[in-house]
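Below is one structure; the comments refer to it alone.
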Number of protein chains: 2
Amino acid sequence: MELPINKFNKAFENRIRLGVMSILMVNDWVDFSTLKEMLELTDGNLASHIKALEVEQYIEVNKRFINKKPNTSYRATFLGRNAFKEHLNVLENIIKQNE
Amino acid sequence: MELPINKFNKAFENRIRLGVMSILMVNDWVDFSTLKEMLELTDGNLASHIKALEVEQYIEVNKRFINKKPNTSYRATFLGRNAFKEHLNVLENIIKQNE
DNA sequence: AAAATTAACTTTGCATTACAAAGTACTATA
DNA sequence: TATAGTACTTTGTAATGCAAAGTTAATTTT
């Protein structure tokens, strides 16, 4: 018997990383401070979770200057989108079971 | 703006507790060794996660003897079922967003 | 009756994860 | 030169996760 929960992706088990990904699935480029506001996090905490997703190559980074201020933006990579979709599929199966 | 992930239930953020609950949502009484096999866990690990759900009063416990051997069974309480359904609703909303 | 066995824990110890707070690097502005 | 803003990184600590070993109570075997 195949157990659905064993197909979970560890990278998305945390609510913050799940939140970051779910924002990046529906918005192309989102910058650091926007994510920080949306998720109501300290910058250190957000940075560390972003790093984790970056290490997995689930998001990519774009650093530039806007109005002479540094601005870092993120978006989901193809790899990240697929991994996230798969993770959601696992959840969907659990949900379906309960209908 | 209401952020879905802030409605997550901490009790279900762990894959094992999520697994236990999703099993108990579709089976009335399930005993310890069955859960242990299904989730492929050491007994100490399972016991600790079960305890966590018990403390939240999301599952109830029935201890008895079958064939003169101790047998402990669990089932989801009304409170637990509702909490779990709410948690799945949050996930469902994230999934819907991605369709 | 003593020893071994089984189920279901509990305890221990360690590794991993989470997170706030403080510190840092870089640039811009006063 | 000093102050401020952005995006980190580091530090320290608390929480979580988990395997392995130990425990308890009843049962079975010797």
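Quick note: numbers below take in every heavy atom, side chains included, and nothing from hydrogens, waters or symmetry partners. Note that the coordinates shown come from a computational prediction; the quantities given were computed from them, not determined experimentally. Below, chains carry the letters A, B, ... as their sequence lines are ordered, and counting in each starts from 1.
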Can you check whether [Y]'s main-chain N or O pairs, donor with acceptor, with [X]'s side chain at less than 3.5 Å?
| X | Y | answer |
| --- | --- | --- |
| Arg81(A) | Met25(A) | yes |
| Asn14(B) | Ile16(B) | yes |
| Arg64(B) | Asn71(B) | no |
| Thr77(A) | Gln57(A) | yes |

Under 4.5 Å between any side-chain heavy atoms of [X] and [Y], yes or no?
| X | Y | result |
| --- | --- | --- |
| Glu56(A) | Leu79(A) | no |
| Val20(A) | Tyr74(A) | no |
| Glu92(A) | Asn89(A) | yes |
| Thr72(A) | Ile50(A) | no |
| Asn9(A) | Glu86(A) | no |

Terminal contacting nucleotides, 5' and 3', DNA chain C versus chain B (heavy atom, 4.0 Å): dA7(C) to dT10(C)
Just by protein heavy atoms under 4.0 Å, how would nucleotides 24-30 of chain D read 5' to 3' in B, S and -? --SSS--
What bend angle does the helix from dA1(C)-dT30(D) to dA30(C)-dT1(D) show across its length, from five-pair end axes and to the nearest 10 degrees? 20°
Could you tell me which non-hydrogen atom of Met21(A) sits nearest to which non-hydrogen atom of Ala76(A), and how far apart they are? CE-CB, 4.1 Å
Classify the ring geometry of Phe84(A) against Phe12(A): parallel below 30°, tilted from 30° to 60°, perpendicular beyond 60°. perpendicular
Detail all sub-3.5 Å separations between protein N/O atoms and N/O atoms belonging to nucleotides 8-11 of chain D.
from, atom 1, to, atom 2, distance (Å)
dC8(D), OP1, Lys63(A), NZ, 2.4
dC8(D), OP2, Thr72(A), OG1, 3.2
dC8(D), OP2, Tyr74(A), OH, 2.4
dC8(D), N4, Asp43(A), OD1, 3.2
dC8(D), N4, Asp43(A), OD2, 2.9

Candidate pair Glu13(B) and Arg15(A), rule salt bridge (charged side-chain N to carboxylate O under 4.0 Å, His left out), full reasoning: CA-CA 8 Å; Glu13(B) 275 196 88; Arg15(A) 76 167 76 192; 2.8 Å; yes
In residues 11-18 of chain A, what residues come within less than 4.0 Å of DNA chain C, judged by heavy atoms? Asn14(A), Ile16(A), Arg17(A)
Please give, in whole Å, the distance from dG5(D) C1' to Asn71(A) CG? 12 Å
Closest-nucleotide ordering on DNA chain D, the 5'-leading residue of Lys10(A) and Asp31(A): Asp31(A)
Residues which pass side chain to side chain contact (heavy atoms under 4.5 Å, CB included) with Thr34(B), listed by chain and number, not counting sequence neighbours: Val30(B), Asp31(B), Met38(B)
When clusters are formed by joining ILVMFWY residues with side-chain heavy atoms under 4.5 Å apart, either directly or through shared neighbours, do Phe32(A) and Trp29(A) land in the same one? no
